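Side chains included, hydrogens not; waters and symmetry mates left out as well; all remaining heavy atoms used. Values in this document were obtained by computation on a predicted structure and should not be read as measured data.
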There are 2 protein chains.
Amino acid sequence: MSPDSSLPARALAPRRHEEILRRLGVQGSVSVAELAGFFDVSRETIRRDLKLLSDKGQLGIVHGGAARFEPSEPAMSLRSQENARGKAAIGRVAAGLIRNGMVVFLDSGTTTLAVAQAMTDLRDLTICTASLPIALLLCHAPGMRVHMLGGEIDPGEEAASGIDMLEAMSRFRVDIAFLGGGALSPDGEVTDFTRAGAEQRGRMIALAAKTYFVLDSSKFAKLTPLRIPNFERAAGVIVDAKPQADIAEAIARKGPELMVAS
Amino acid sequence: MSPDSSLPARALAPRRHEEILRRLGVQGSVSVAELAGFFDVSRETIRRDLKLLSDKGQLGIVHGGAARFEPSEPAMSLRSQENARGKAAIGRVAAGLIRNGMVVFLDSGTTTLAVAQAMTDLRDLTICTASLPIALLLCHAPGMRVHMLGGEIDPGEEAASGIDMLEAMSRFRVDIAFLGGGALSPDGEVTDFTRAGAEQRGRMIALAAKTYFVLDSSKFAKLTPLRIPNFERAAGVIVDAKPQADIAEAIARKGPELMVAS
DNA sequence: ATCGATGTTGCAATATGTGGCAGTGAACGT
DNA sequence: ACGTTCACTGCCACATATTGCAACATCGAT
């Protein structure tokens, strides 16, 4: 009885093509398995679709799926490849915490970018971020309103920072915030590289109804100097591998829930 | 909205056509089977309907049903390919107007993106923009400070807009601004699609010491409804092909210098 | 080097498109 | 009233397109 928004069990070929291209525009790449599942058609059908679109020059086929041609984005794209599996797993867990209608804050960083990637299928969200790639990614997802926090751009993070960004941030009422961090300290806290970063994240914890830190396991081995204020008020820490038992214990003692993604 | 969710025992042809077009407007595509079921008529009848509507140019027939003609503007990454040569030429001329130490405002759009691309070799500039791709591009150029104007992201432009963006913009002292536009009107003004866009550009003219419009020749053939306030105070209009003589004259009469890039 | 996932190809099954033909019913003229 | 015309529709048979399956080739990560 509902001929509406969610795609009909069997979508026409052009409709699939449209959706595939839309996803490519948003995510940069798509996998055959993912599309076959989404459209409920066989993998061969998807491959034939991709072949067609490829012949039209609208995408490039790669093993496992297809990717969009790009002028290539620099610098950060390299870092986001590191431990991509782990980050994707963290992204899935994080996306699972989000409900319709929420106001979501996404910190800058490669792990939060993975969270954003896992969110592209969700609908009816308000996104608030200072990260250029995250804003660019999510603004094309249907049903999302994206607010970019302005400010001076930090080239390393590809994100706005500074006083303007802090001010813009504090205007929002945020339901759920996902923050990155520099390292997971031995005494069970998330720490940061810079004073400004730590301060900004501490404020976000105070602002958001719930805050989760997302840290991939490459951060376990590091040590950074700045404690993040209000850390004990965070709702959880999402990681992609079990940290040492004593660290896990220390986190739990402070308050935040430790969530291990796989 | 829908007085007809119960199946019309047998709808007349015009009634079906109306409903088919309505569905196309909402869903983008319709299938023969779905329509045949809904109207309780044979598939052939639906096909004949579609054939008729197709002959009238109101839809396109595809295997299994019908699809609406490209309702959506091509993605920005595609638009920037159109007339890339012309845009690059405009970019070179624009970049030539920039001196060390300047505060440069770059509007959103594909032509201003070309200007940004031509600027990557310059140094010691402060960039101010609401465009995500421009900010992402220039933040990696050495010796540039990039300020991103925050606000709600318009997916079509991949840029911030709205009240927050206007407010952030007005904080800056700008030496030179490069603005896009919707069209070059026959009476020698740049015009815009939307009230908000025209208003925002008008304000930037008032704010910047010098303002240049950048318009590639594909904009010559178009007509858009909104005049841009303060247009006569702009310093110049940079294009990639000579417009009609009377238009060129009209521009000069208003004040801005016409610069033809090659 | 091995194993699981992915890509390829031919083929059969199903779905869809096309054209012809006949039945229906309304409009119209006789 | 009757018959004719005509638009519209459904049914049928056949042509074509799309899809899934299965067997086999390749790729890629351990």
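- OP1 or OP2 of dT19(D) has at least one side-chain nitrogen or oxygen of R16(A) nearer than 4.0 Å.
- The aromatic ring centres of F231(A) and F213(A) sit less than 6.0 Å apart.
- Atom CZ of F39(B) and atom P of dC8(D) are 16 Å apart (whole Å).
- Atom-to-atom, CG of L50(A) to P of dT6(C) comes out at 13 Å; the value is rounded to the nearest Å.
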field: Nucleotide-resolved protein contact map, nucleotides 13-25 of chain C, B/S/- at heavy-atom distance under 4.0 Å
entry: ---SBBB------
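- OP1 or OP2 of dG20(D) has at least one side-chain nitrogen or oxygen of T45(A) nearer than 4.0 Å.
- Ion pairing of R22(A) with E18(A) is absent here, as no side-chain N (NZ or NE/NH1/NH2) approaches a carboxylate O to less than 4.0 Å.
- With salt bridges taken as basic N to acidic carboxylate O contacts below 4.0 Å, none links E44(B) and R48(B).
- Figure legend: R15(B) and F39(B) shown without cation-pi pairing, the cationic atom not lying both under 6.0 angstrom from the six-membered ring centre and within 45 degrees of its axis.
- Checked for salt-bridge contact, R227(A) and E189(A) meet the test: a charged N lies under 4.0 Å from a carboxylate O.
- The nearest whole Å value for the distance from the CD1 atom in I46(A) to the C1' atom in dA5(C) is 17 Å.
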field: Chi angles and distances behind the side chain to side chain contact (heavy atoms under 4.5 Å, CB included) call for E158(A), H140(B)
entry: CA-CA 9 Å; E158(A) 297 182 339; H140(B) 290 113; 2.7 Å; yes
